[in-house]
Engineer: 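Sending over a structure as structure tokens; questions will come in a sec.
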Protein chains: 2
Amino acid sequence: MSVQPTEKVYIEILKQIKAIIVEDGLQAGDKLPSERELSDRLKVGRSSVREALRSLELLGLIETRRGEGTFIREATGHRLVEVLASFILNDNKARHDLQETRHIVIKDCVELAVRRAESATISKLTNLIEQMDTNEQEQVHRACKQFEKIVIQACGNHLLYRLYVELTGYGSSLQRANSYWSRAFCEEVLTLLQSKDAVKLTSLLSKQNDALNAIE
Amino acid sequence: MSVQPTEKVYIEILKQIKAIIVEDGLQAGDKLPSERELSDRLKVGRSSVREALRSLELLGLIETRRGEGTFIREATGHRLVEVLASFILNDNKARHDLQETRHIVIKDCVELAVRRAESATISKLTNLIEQMDTNEQEQVHRACKQFEKIVIQACGNHLLYRLYVELTGYGSSLQRANSYWSRAFCEEVLTLLQSKDAVKLTSLLSKQNDALNAIE
DNA sequence: TCAATATTAGTGGTCTGACCACCTCCTAAT
DNA sequence: ATTAGGAGGTGGTCAGACCACTAATATTGA
């Protein structure tokens, strides 16, 4: 009889691990006890510990480095979208949604960035623009990507930034490559960031979106 | 030297499982091959298969029933929400980002909805408003939530909608409850949707955000 | 014949112990 | 002092063994 639902061990382990993190006051970047030690401390098999850790890893909450150990990641670094989408992303509609969502998130980030960008960020961007004064296409390309990333990060919202990263990640795994910012575009953005002209920046971005949509 | 990153086995298994789902045309509710069969078919240890399956389970993508098998679920990131939330709880920055991102996503959805909402949607919303003519608080509350959901869905972008769901999910498992739309707010939104007044709608939403931020 | 019961095969859940590959750190030889 | 090598710790993977549970099957009893 009976049938006590008996929480699965690996779920119980998740709670224990969380307790350990709290008790020991572990922060992002800190090392968790080794799998064998956890297995010992919690009186469960190592395989169960691993099932729990693998789950947390897939969620992006921890990071494991072979030969070194298991480490806590930043709290907001979840692979939510990545995994969900990879299991959902089969039809064309989903792809279109993906592109659209990516553009929207970029727009949101930039709109926040124009309000929050600090002078340090601006000078970093200025620097990047200068680096584009070269004939090497490869270097220009790299600088543009870096420029885009820094602008997005300047939104000051880590979760939103992660969304951008994830959405861009999928994109690259699809057939059509993602669009990157051109040098001219970067320069325009920098100017508008400096003048804190949110309105023009918004219209600039939506103009680019329209152009991209037209291509499809 | 070298050090080819060599994708971890359980990650590879995730892909394989996805491939099996696609090949066999499995739908939500269907049964996956057993752990032992997967282990056989993919030529990997059963424990590795389990690590992959446990991860998917934690994400809410599959459901396992002892003695029966493993089944595909409708993709509602159910458990994911709990786990993530419990790991994010003590990080104030993360919480703020979460709230902000949620507001932004809602704004994005509504802005798309105002351009895409069909008449069928509008009449559904009108209907809901009428249902609010009652003294039962519970019913009004339910109608408001439903109203919000329909508006969000009207954005026509499923990925964006899912983001909203996930973000709202986290929020509700945190201490502070999420803010819901009031009846008056719903009525305003409906009016603006009908008149397709995107500008006023945007300002209405940001006004609400500011009010909420002031409370904190 | 038919219903209740016992058996059995199949499934997930867990543990153990064994390797392997890799990293770090310490030691000993140069 | 520098460097090469080894030892020990860590995650990665596998195989095999039980257990608990479910459902389909076979057996039994009326």
Side-chain angles (χ1 to χ4, degrees), chain A residues 1-17 20-21 24 26 28-73 77 79 83, chain B residues 1-17 20-21 24 26 28-73 78-79 83:
Chain A
M1 330 222 110
S2 79
V3 189
Q4 225 36 350
T6 308
E7 197 97 60
K8 283 171 197 158
V9 169
Y10 91 95
I11 295 290
E12 195 53 43
I13 295 178
L14 287 182
K15 294 182 186 170
Q16 297 292 335
I17 290 179
I20 288 178
I21 291 177
D24 300 4
L26 300 182
D30 287 350
K31 186 169 167 303
L32 277 174
S34 75
E35 296 180 354
R36 288 167 177 88
E37 186 184 336
L38 284 174
S39 166
D40 252 22
R41 252 163 96 168
L42 306 181
K43 300 273 192 298
V44 295
R46 195 185 149 205
S47 50
S48 295
V49 171
R50 281 186 58 81
E51 287 181 13
L53 290 178
R54 257 3 84 224
S55 301
L56 290 181
E57 187 183 26
L58 194 64
L59 286 180
L61 290 171
I62 60 172
E63 175 185 1
T64 57
R65 297 202 282 271
R66 182 195 220 131
E68 297 181 61
T70 306
F71 301 84
I72 302 180
R73 271 174 92 164
R79 302 170 80 175
V83 182
Chain B
M1 319 267 130
S2 77
V3 187
Q4 224 35 357
T6 306
E7 200 98 59
K8 282 171 198 159
V9 169
Y10 92 95
I11 294 288
E12 196 53 42
I13 294 177
L14 286 181
K15 295 183 185 169
Q16 297 293 334
I17 291 179
I20 288 179
I21 292 178
D24 299 4
L26 299 181
D30 289 349
K31 187 169 168 304
L32 278 173
S34 76
E35 297 179 353
R36 288 169 179 84
E37 187 184 336
L38 284 174
S39 165
D40 254 20
R41 251 164 97 169
L42 306 181
K43 300 270 192 299
V44 295
R46 195 183 150 208
S47 49
S48 294
V49 170
R50 281 186 59 81
E51 288 180 11
L53 290 178
R54 258 2 84 221
S55 301
L56 290 181
E57 187 183 28
L58 196 64
L59 284 177
L61 290 171
I62 61 173
E63 176 186 359
T64 57
R65 297 201 281 271
R66 181 196 218 127
E68 296 181 62
T70 306
F71 302 84
I72 301 179
R73 267 172 94 162
H78 154 63
R79 195 125 229 174
V83 179

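Because only heavy atoms are used, hydrogens play no part in the values below, and waters and symmetry mates are left out as well, while side chains stay in. Remember, it's a predicted structure, so these values are computed and weren't measured experimentally. In what follows, chains are A, B, ... by sequence order, proteins preceding strands, each numbered from 1.
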Engineer: Walk me through whether Leu32(B) and Ile21(B) qualify under side chain to side chain contact (heavy atoms under 4.5 Å, CB included).
Structural biologist: CA-CA 8 Å; Leu32(B) 278 173; Ile21(B) 292 178; 4.0 Å; yes

Engineer: In whole angstrom, what separates Arg50(A)'s CZ from dG13(C)'s C1'?
Structural biologist: 17 Å

Engineer: Residues two or more places apart in sequence or in another chain: which of them pass side-chain contact (heavy atoms from CB on, under 4.5 Å) with Ser47(B)?
Structural biologist: none

Engineer: Please give, in whole Å, the distance from dG13(C) P to Leu14(A) CG?
Structural biologist: 14 Å

Engineer: Please table the atom pairs, donor to acceptor, closer than 3.5 Å between any side-chain atom in residues 38-46 of chain A and protein atoms at least two apart or in another chain.
Structural biologist:
{"from": "Ser39(A)", "atom 1": "OG", "to": "Val44(A)", "atom 2": "O", "distance (Å)": "2.7"}
{"from": "Arg41(A)", "atom 1": "NH1", "to": "Glu37(A)", "atom 2": "OE2", "distance (Å)": "3.4"}
{"from": "Arg46(A)", "atom 1": "NE", "to": "Glu35(A)", "atom 2": "OE1", "distance (Å)": "3.0"}
{"from": "Arg46(A)", "atom 1": "NH2", "to": "Glu35(A)", "atom 2": "OE1", "distance (Å)": "3.0"}

Engineer: Salt bridge (Lys or Arg N to Asp or Glu O under 4.0 Å) with Arg65(B): which residues, sequence neighbours excluded?
Structural biologist: Glu63(B), Glu68(B)

Engineer: Salt-bridged, Arg54(B) to Glu51(B), with N to O below 4.0 Å?
Structural biologist: no

Engineer: How long is the gap from CD1 on Ile13(B) to CG on Leu53(B), to the nearest 0.5 Å?
Structural biologist: 8.0 Å

Engineer: Polar pairs (N or O, both sides) under 3.5 Å between protein and nucleotides 14-16 of chain D?
Structural biologist:
{"from": "dC14(D)", "atom 1": "OP2", "to": "Gly45(B)", "atom 2": "N", "distance (Å)": "2.9"}
{"from": "dC14(D)", "atom 1": "OP2", "to": "Ser48(B)", "atom 2": "OG", "distance (Å)": "2.7"}
{"from": "dC14(D)", "atom 1": "O5'", "to": "Gly45(B)", "atom 2": "N", "distance (Å)": "3.3"}

Engineer: Starting from the C-alpha separation in whole Å, work towards a yes-or-no answer on side chain to side chain contact (heavy atoms under 4.5 Å, CB included) for Ile17(A) and Ile62(A).
Structural biologist: CA-CA 11 Å; Ile17(A) 290 179; Ile62(A) 60 172; over 6 Å; no

Engineer: Work out which heavy atom in Thr64(B) is nearest to a heavy atom in Glu57(B); give both atom names and the distance.
Structural biologist: OG1-OE2, 2.9 Å

Engineer: For the pair made of CZ in Arg54(B) and P in dC15(C), what is the distance, rounded to whole Å?
Structural biologist: 14 Å

Engineer: What is the distance, to the nearest angstrom, from the CD atom on Glu63(A) to the C1' atom on dC22(C)?
Structural biologist: 15 Å

Engineer: To the nearest angstrom, how far is Glu12(A) atom CD from dT14(C) atom P?
Structural biologist: 11 Å

Engineer: Distances for protein N/O vs nucleotides 5-11 of chain C N/O pairs under 3.5 angstrom?
Structural biologist:
{"from": "dG10(C)", "atom 1": "N2", "to": "Gly67(B)", "atom 2": "O", "distance (Å)": "3.2"}
{"from": "dT11(C)", "atom 1": "O2", "to": "Gly67(B)", "atom 2": "N", "distance (Å)": "3.4"}

Engineer: Quick one: pull up CG in Leu14(B) and OG in Ser55(B) and give me the separation to the nearest 0.5 Å.
Structural biologist: 6.0 Å

Engineer: Roughly, in whole Å, what's the span from CG in Leu53(B) to C1' in dG12(C)?
Structural biologist: 10 Å

Engineer: In this structure, how many angstroms lie between the P atom of dG11(D) and the CG atom of Asp40(A), rounded?
Structural biologist: 13 Å

Engineer: dT14(C) C1' sits how many Å from Leu42(A) CG, rounded?
Structural biologist: 14 Å

